[in-house]
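In listed order, ligands and their atoms are each counted from 1.
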Amino acid sequence: MNIVSIVGARPQFVKLAPLDKKIRANGHRHTVIHTGQHYDYEMSESFFDELKIPKPDLNLQVGSGSHAQQTSDMLSRLGVALDSTDVDLVLVYGDTNSTLAGALAAIKLHIPIGHVEAGFRSGDISMPEEVNRILTDRVSQLLFAPTEDAVDNLVSEGISAERIFFVGNIMAESLLLNLNKAKKNMILSKLKLSTKAYGVLTVHRPENTDHRDRLTNIINGVIDAEMPFIFPLHPRTAKLLDQYGLMPKIAKSLIQPVSPMKYLEFMKVQSEARLILTDSGGIQEEAILLNVPCLTLRYNTEMILTLKLGANKLVGADAGVIKNSIREILEKPNPKFLRPDNWDKAVSARIMAAIDSNTELLEIKPLTVDLEKRTWEQ
Ligand code: UD1
């Protein structure tokens with residue numbers, strides 16, 4: 001089979017790494033197309049280097065822009081790239097604009113799609129990622145779900161059960177494969193951090209960064225907690241903190257802003273943290289695996305399982321709630337969380353097995369719609 005993976009943003013490189021190795025080991029051809037959504041060395045190339053992923057076969061270099069512009073640039077360039085070669089299956093990952101553009105480009109050429117991380121839903125259609133998730137799942141032939149909740153979401157949206165595979169979480173596989181190496185990383189002494197005596201803060205979602213009030217509230221809540229925090233800055237966050245005049249206040253506080261970190265460094269910093277404050281999806285997943293309590297700077301999440309297992313709490317962008325929630329965590333001993341089912345080192349193997357044993361599902365057939373039951377089937 002000729003399998004093409006389409007990636008573009010930081011978390012997708014992490015999800016690609018174990019699957020790339022498995023696809024090649026199973027004797028398939030694997031072509032990797034990078035849309036160029038993330039382009040700084042720290043946001044992109046460093047992940048390929050550390051996770052030993054071969055350089056992308058093609059980089060479309062779309063760069064930044066509005067959602068419409070970024071997605072449409074990707075779509076037109078991917079259309080040309082996919083049309084010029086024989087492709088048996090396109091794999092897309094997660095929920096970014098690169099995911100949606102990859103799925104649209106493929107389905108318009110009648111190329112079957114496998115969606116890695118299918119079925120997550122936050123219920124918030126105002127998030128670009130939620131739109132990307134729903135639309136990508138709707139046109140995919142193979143849906144690789146990370147949790148049983150994700151399977152239920154897909155079934156309730158009318159997607160045929162035979163296309164849904166509960167394979168587990170590929171982020172977890174990457175983490176578990178790299179944890180021992182990460183543990184040896186010397187980043188803590190470089191940053192003068194002591195084990196379990198600091199928190200990790202990350203903010204990058206537009207709903208937080210692009211609103212002065214929300215970003216200010218988050219920073220105030222963290223400063224009021226009077227605990228050291230390491231704060232790797234996404235490029236957009238760095239720009240807006242500067243624009244809102246918040247950097248001098250941060251400089252005088254216990255928050256330590258740093259450039260985006262490499263994967264192994266960040267894994268080490270997360271694993272030794274006392275708690276994590278984030279609006280990222282992937283970091284909520286990594287926190288539970290590392291037994292680090294997570295406070296999520298959002299009012300909803302697609303990682304429902306982490307809430308159910310008591311590893312995560314939604315704190316929004318409310319300074320008082322953030323401060324009090326940090327305090328609550330500090331009053332309790334370090335926790336140990338249950339590891340979600342199938343969040344292990346065999347996720348890529350399950351995905352590969354699902355692909356290899358379900359080739360008949362890759363045929364794109366006309367839809368049969370049962371108007372009485374309001375269900376559809378390919
Ligand atoms: C994207 C994903 C999000 C994912 C995140 C991981 C979408 C809709 N969102 O958000 O789901 O959690 O990636 O990081 O796709 N920039 C740089 N250098 C870079 C990359 C970005 O300076 O290497 C700046 C640009 O100014 C850009 C901004 O960061 O405007 C945001 O980048 P963008 O590609 O829009 O998405 P993310 O916010 O990173």
Seminar exercise, completed: In Asp149, Asp152, Asp137, Asp95, the residue satisfying salt bridge (charged side-chain N to carboxylate O under 4.0 Å, His left out) with Arg121 is Asp137

For this session: Decide if atom NZ of Lys268 counts as having more than 12 heavy atoms of other residues, nucleotides or ligands within a radius under 6.0 Å.
Result: yes

For this session: Distance to 0.1 Å, residue and atom name: give those for the protein heavy atom nearest to atom 38 (O) of ligand 1.
Result: Arg236 NH2, 2.5 Å

Problem set entry | Those atoms of ligand 1 less than 4.0 Å from some heavy atom in Gln70 | 34 (O)

For this session: Verify the distance criterion only: is there a donor paired with an acceptor across the side chains of Thr301 and Gln284 at less than 3.5 Å?
Result: yes

Exercise. To which protein heavy atom is atom 11 (O) of ligand 1 closest, and what is the distance rounded to 0.1 Å?
Worked result: Glu129 OE2, 2.9 Å

Exercise. Below 3.5 angstrom, do we get any N/O pair linking Lys239 and ligand 1?
Worked result: no

For this session: Given salt bridge (Lys or Arg N to Asp or Glu O under 4.0 Å), test Arg10 with Glu42 step by step and report yes or no.
Result: CA-CA 9 Å; Arg10 189 164 55 172; Glu42 299 105 327; over 6 Å; no

Exercise. What is the closest protein heavy atom to atom 24 (C) of ligand 1, and at what distance does it sit?
Worked result: Pro235 CB, 3.8 Å

Exercise. Does the side chain to side chain donor-acceptor pair (under 3.5 Å) test come out yes or no for Lys323 and Asn220, once each step is laid out?
Worked result: CA-CA 9 Å; Lys323 175 187 154 187; Asn220 285 342; over 6 Å; no

Seminar exercise, completed: Short version for His38: what comes under 4.0 Å of ligand 1, heavy atoms counted, is both

Problem set entry | Protein residue, atom and distance nearest to atom 36 (O) of ligand 1, heavy-atom basis | Gln37 NE2, 3.6 Å

For this session: Could you tell me which atoms of ligand 1, counted from 1 in the order shown, lie closer than 4.0 angstrom to a heavy atom of Met43?
Result: 19 (C), 23 (O)

Exercise. Does an N or O from Asn132, backbone or side chain, lie closer than 3.5 Å to an N or O of ligand 1?
Worked result: no

For this session: May I ask which of Ala101, Ser64, Pro11 has a heavy atom nearer to atom 25 (C) of ligand 1 than the others do?
Result: Ser64

Exercise. Between Glu302 and Arg133, does a salt bridge (Lys or Arg N to Asp or Glu O under 4.0 Å) hold up when you go through it step by step?
Worked result: CA-CA 10 Å; Glu302 52 290 337; Arg133 290 179 201 119; 3.1 Å; yes

Exercise. What protein heavy atom is closest to atom 16 (N) of ligand 1, reported as residue, atom name and distance in Å?
Worked result: Tyr39 OH, 3.6 Å

Exercise. Of the choices Thr237, Leu240, Asn97, which has the non-hydrogen atom that lies closest to atom 8 (C) of ligand 1?
Worked result: Asn97

Problem set entry | Residue from Lys15, His34, His30 passing side chain to side chain donor-acceptor pair (under 3.5 Å) with Ser5 | His30

Exercise. Counting each atom of ligand 1 from 1 as listed, which ones have a heavy atom of Asp40 under 4.0 Å away?
Worked result: 17 (C), 18 (N), 19 (C), 22 (O), 23 (O)

Exercise. Which of these, His234, Glu42, His204, has its nearest heavy atom closest to atom 32 (O) of ligand 1?
Worked result: His234

Exercise. What are the two closest heavy atoms between Gly316 and Ile322, and how far apart are they?
Worked result: O-CD1, 4.1 Å

Problem set entry | Minimum heavy-atom distance between Val87 and Leu82, given as atom pair plus value | CG2-O, 4.1 Å

Exercise. Ring centroid separation for Phe48 and Phe13, is it under 6.0 angstrom?
Worked result: yes

For this session: Can you sort out which atoms of ligand 1 are near Asp95, meaning under 4.0 Å from one of its heavy atoms?
Result: 11 (O)

